[in-house]
Amino acid sequence: MENKKITFPEGFLWGAAISAHQTEGNNINSNWWAWEHSERRASELRSQGRNPAEYVSGQACDFYHRYESDFDLLTKLNMNAFRLSIEWARLEPQQGWFDRDEVEHYRRVLEALKKRGIKTFVTLHHFTLPQWFAERGGFTRKANIPLFLNYVRLAAEEFSPLVDFWVTINEPEIYGSHSYILGRFPPQRKSHWLTFVAVNTLIACHNQAYPILKKYNNVPVGLAYHLVDLVPTSIYSRFTRDVMHYITNRYVLRRTIRRCDYIGVNYYGHSHVGVWGRKIRHKTHHMLTDLDWAIHPDGLERVLLDLRKYHKPLYITENGLADAGDIKRERFIHDHLLYTHRAIEQGADVRGYLHWSLMDNFEWAHGFSPRFGLVAVDYPTQARTIRPSALSYAEICKTNTLTV
Ligand code: IFM
């Protein structure tokens, strides 16, 4: 049977995403750097039988120095969009002092993308904080909001002409839960109250950053939400599923949507919900990533359809998997795009897809072992190798079509 080709809307953006701390290296003034080097973290890892040296970001992918050649890879792979974050801890290493050299560094980075005709999605907060801000309580103190806004103002003033899309905050829900309930991110507190305060402070930060960013440049401003397809295991668990859906997927969105010009969708998969709210992962009947996350492309269609009611453009700001052998990635991308296309046919206004990630990088508390890259990184030599799945993705990017 002849293969059918399906075409994406004209002007669709194709690209990949990264964040600063995960790739740049030597983010020495951040709270993550301090935590990675703390005795608390080292002894925790040792008690789990792990080697703490494998869980420090170090020079990461040395993207800080290699951005030009990494951007050449984008061109080679036919991408026309790229998402990256700028690092507050670099730009403002001490409270109230902005480092002009770092401002110029990021200007050169963004100019390097513009020179290649690549649309830029620039994230302002992607999990990391300047250490001085963390010491002041970070986002658990509402009084700290103006400190974040000073940084936003600087970014808007300096970089606006080079930005096509602002992403104010990456995954506030994950930041809150991982830092203040699950103990996977610094400061590893376990308090529902602090989670609630941090998430609400981030909501306020986004809403107050919006007019600042719009004043300098009328480009779309949005937020990258972590959205999960929650599936009830039976009719009895529907109510629990709806409650969890509200908490996981809607709480932040509903409070920020009026100040979003588009919705950024970070989609990694789905979870089952039982009557008592437990998320059960049925390992046996799912394909799994190297991190044991269930691969569920059809859930992306449901997530996108569910967002139609907000009448905003949708960009998939992250979607990807840990797959060191590059065995599942090609199919993963194909299937997620197939379901994205189905959602578009049913009226979801999806305008772009940014794969997570361009290259292997520092996967937070998991260290370097998960391999999320379209491009493999050999950390000792920093050599980059394009994985086969990247070449088939490049064909999709070039033709704006998917063969099904
Ligand atoms: O690596 C992360 C990224 O920083 C935020 N979204 C999920 C990715 C994979 O876990």
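Order of appearance sets the numbers: ligands from 1, and atoms from 1 within every ligand. These figures come from a predicted structure and were not determined experimentally. One-based numbering along the sequence shown.
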* Asked: Do any N or O atoms from the side chain of N400 and from the backbone of T7 form a donor-acceptor pair under 3.5 angstrom?
  -> no

* Asked: Can you say whether the rings of W35 and W32 are parallel (under 30°), tilted (30 to 60°) or perpendicular (over 60°)?
  -> perpendicular

* Check each protein residue for a heavy atom under 4.0 Å from ligand 1 and list those that pass, ordered by chain and number. => Q22, H126, F127, N170, E171, Y268, W293, E318, W356, E363, W364, F372

* Are any side-chain N or O atoms of S191 and backbone N or O atoms of L194, one a donor and one an acceptor, separated by less than 3.5 Å? -> yes

* Structure fact -> Of all heavy-atom pairs linking L202 and I169, the shortest is O-CD1, 3.3 Å

* To do: Kindly give the heavy-atom pair with the smallest separation between E36 and Y55, and that separation in Å.
  => CG-O, 3.7 Å

* Asked: Are any side-chain N or O atoms of Y379 and backbone N or O atoms of N361, one a donor and one an acceptor, separated by less than 3.5 Å?
  -> yes

